[in-house]
Amino acid sequence: MRKLVLAVTMIAAMPAAAYAADAEAGKAVFGKCKACHQTGPGAKNAVGPHLDGVVGRAAGAAEGFKYSDAVKNSGITWDEANLKEWLADPKKKVPGNKMVFMGLKDEADIDNLIAYLKTNGQ
């Protein structure tokens, strides 16, 4: 009986254990963001704000970038939950923002991208 309980427990835990966010995979996903955003040493604001230190930063707070009123007044802090919603559908998360990106549909891509963003300026 003990073996059965152990087997069931291991199987139930597999989905969570089998998937962990991967910053290296997130770096590849960031390729979709590079047209507008920069990260890493020397990152600057471009079409979009630089994303160094974005995890934990207040929305609309990257110095020198002209944000939409919708983002500036959103009251959001970019924690993982808010970033997940934003990356899935920016227009739904903050109506009236000026970002033209349609969002990422793959949850693993979103998690991996957030893991990558955490490596920049944290």
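Keep in mind it's a predicted model, so treat the numbers as computed, not measured.
Atom-to-atom distance recorded for D106:CG and L113:CG is 11.5 Å, nearest 0.5 angstrom. If you take CD1 on I114 and OG1 on T119, they are separated by 12.5 Å, rounding to the nearest 0.5 Å. For the atom pair K84 NZ and K93 NZ, the distance stands at 12.5 Å (nearest 0.5 Å). The line from CG of L83 to NZ of K118 is 9.5 Å long, rounded to the nearest 0.5 Å. E85 contributes atom CD, which lies 10.0 Å from atom CD1 of I110 (distance to the nearest 0.5 angstrom).
In this structure a side-chain-to-backbone donor-acceptor pair under 3.5 Å is missing from K91 to G96. Using modelled atom types, no side-chain atom of D79 and backbone atom of G56 make a donor-acceptor pair closer than 3.5 Å. R57 places a side-chain N or O within donor-acceptor distance of the main-chain N or O of D52, the cut-off being under 3.5 Å. The closest donor-acceptor contact from the side chain of N97 to the backbone of A70 lies at 3.5 Å or more, if one exists at all.
For the residue pair D109 / N112, no side-chain donor-acceptor distance below 3.5 Å is found, with atom types taken as modelled.
Summarising the geometry of Y67 relative to A62, their closest heavy-atom pair is OH-CB, 3.0 Å, with the distance given to 0.1 Å. Counting all heavy atoms, side chain and backbone alike, F101 lies closest to L87 at CE2-O, 4.2 Å. Residues K66 and K98 approach most closely at O-NZ, 2.6 Å, considering heavy atoms.
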Atom pairs and distances, side-chain donor-acceptor, residues 23-39, under 3.5 Å, sequence neighbours left out:
unit_1, atom_1, unit_2, atom_2, d
H37, ND1, P49, O, 2.7
Q38, OE1, K44, N, 2.9
T39, OG1, Y116, OH, 3.0

